[in-house]
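First up is the structure itself, then whatever we jot down about it.
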Amino acid sequence: MAAEVATAALSGWAAADPDGGGSGSEDEARPSTAAEAAAAQKREERLRKFRELHMKRNEARKLNHQEVVEEDKRLKLPANWEAKKARLEWELKVEEKKKECAARGEDYERVKLLEISAEDAERWERRKKRKNPDLGFSDYAAAQLRKYQRLTRQIKPDLEQYEKLKEQYGEALYPTSDSLLHGTHVPSKEGVDRMVADLEKQIEKREKYSRRRPYNDDADIDYINERNAKFNKKAERFYGKYTAEIKQNLERGTAV
């Protein structure tokens with residue numbers, strides 16, 4: 001009897017609140033849907049970052065490959081490529097400047113001189129004087145080459161005479177191994193005089209060179225060989241004024 005009463009009471013409570021169980025299930029479903037949305041958003045954010053990192057990695061790989069190719073090209077270039085490139089760029093600028101001056105009817109050399117400062121002009125003049133300095137004797141081949149270059153720079157060719165010879169001899173003016181021109185060319189009097197004047201100038205310059213001093217029989221002999229003589233001269237040059245009195249005392253025999 002008591003069990004029937006409890007069952008009836010529970011049945012009545014359920015009938016009185018028919019929507020009680022449904023609202024509880026909806027409340028439980030709403031938090032789960034929000035968590036899934038948050039998880040999906042976080043997943044999309046992570047995928048977006050992953051795609052960005054993937055694109056950056058591809059870009060870095062491409063840049064590295066380009067740099068490797070450029071470095072390989074630079075290594076295969078000649079050692080003085082940078083200097084040649086700068087020289088070519090400077091020549092292009094000069095050509096453009098010449099065209100601009102020609103279009104304006106101006107003289108390029110005059111315009112260039114107007115743009116040069118006095119300090120730059122003095123520096124270039126000093127550099128020009130040092131362009132071919134005398135480095136002294138190194139070997140006979142270098143001395144011969146230097147002599148040849150100096151003599152060829154002094155040559156002033158007679159272009160009119162050259163044209164006459166070309167008309168006279170034609171291709172024979174340029175001999176080959178099969179040419180027989182020995183004794184056919186007669187130099188002009190002006191050419192002979194020029195050669196004689198040049199030889200006399202060389203002889204005069206050669207006489208001014210420093211030569212070995214002749215042996216002096218009256219000089220004191222204070223050396224045992226040539227090397228010792230040079231050493232004594234150096235010692236006398238540097239310490240002679242300090243040892244003059246000692247030397248005089250030794251010569252007089254009054255040294256203590």
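Considering every non-hydrogen atom in both N249 and R252, the closest pair reads OD1-NH2, 2.6 Å.
In this structure a side-chain-to-backbone donor-acceptor pair under 3.5 Å is present from D139 to A142. When atom types are taken as modelled, the side chain of N232 and the backbone of D222 share a donor-acceptor pair closer than 3.5 angstrom. Looking at N64, its side chain does come within 3.5 Å of a backbone N or O of A60 through a donor-acceptor pair. With hydrogens and angles ignored, the 3.5 Å screen pairs no side-chain donor or acceptor of D120 with any backbone N or O of I116.
H54 and R51 form no side-chain donor-acceptor contact under 3.5 Å, judged by distance and modelled atom types alone. For the residue pair N58 / R61, a side-chain donor-acceptor distance below 3.5 Å is found, with atom types taken as modelled.
The pair K93-E96 does not count as a salt bridge, with every side-chain nitrogen at least 4.0 angstrom from each carboxylate oxygen. Salt bridge present: E115 and K97 bring a charged side-chain N and a carboxylate O closer than 4.0 Å. With respect to K99 and E95, no salt bridge is recorded, no charged nitrogen being found less than 4.0 Å from a carboxylate O. For the pair E52 and K56, the salt-bridge criterion is not met [side-chain N within less than 4.0 Å of a carboxylate O].
When the shell of 6.0 Å around CZ of R227 is examined, it contains 12 or fewer heavy atoms from other residues, nucleotides or ligands. Counting heavy atoms of neighbouring residues, nucleotides and ligands inside a 6.0 Å radius, atom CD of E245 does not exceed 12 of them. Enclosure of atom CD in E251 by more than 12 non-hydrogen atoms of other residues, nucleotides or ligands within 6.0 angstrom is indicated. More than 12 heavy atoms of other residues, nucleotides or ligands lie within 6.0 Å of OH in Y108, so this atom counts as buried by the packing criterion. Residue-environment remark: CZ (R104) exceeds the threshold of 12 foreign heavy atoms within 6.0 Å. Heavy-atom contacts from other residues, nucleotides or ligands closer than 6.0 Å to CD of E119 number 12 or fewer.
Between Q154 and R194, the closest side-chain pair of non-hydrogen atoms is not below 4.5 Å. The shortest side-chain heavy-atom distance between D158 and E190 does not fall under the 4.5 Å cut-off.
Taking CG from D72 and CD from E67, the interatomic distance works out to 11.5 Å, rounded to the nearest 0.5 Å. Taken to the nearest 0.5 Å, the NE2 atom of H65 stands 10.5 Å off from the CD atom of E70. Rounded to the nearest 0.5 angstrom, D107 CG and K112 NZ are separated by 10.0 Å. Rounded to the nearest 0.5 angstrom, D198 CG and D193 CG are separated by 12.5 Å. In this structure, E204 CD and L199 CG are separated by 13.0 Å, a value rounded to the nearest 0.5 Å. Residue K49 holds its NZ atom at 13.5 Å from CD of E44, rounded to the nearest 0.5 Å.
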Which pairs of donor and acceptor atoms, one on a side chain in residues 236-243, lie under 3.5 Å apart (sequence neighbours left out)?
unit_1: T243; atom_1: OG1; unit_2: Y239; atom_2: O; d: 3.0

M195 and E200: CA distance, side-chain angles, deciding distance, side chain to side chain contact (heavy atoms under 4.5 Å, CB included) verdict: CA-CA 9 Å; M195 183 190 67; E200 290 178 352; over 6 Å; no
Might you work through the side chain to side chain contact (heavy atoms under 4.5 Å, CB included) test for I246 and L250, ending with a clear yes or no? CA-CA 6 Å; I246 299 174; L250 290 173; 4.3 Å; yes
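In this structure, the salt bridge (charged side-chain N to carboxylate O under 4.0 Å, His left out) partners of E163, at least two apart in sequence or on a different chain, are K166.
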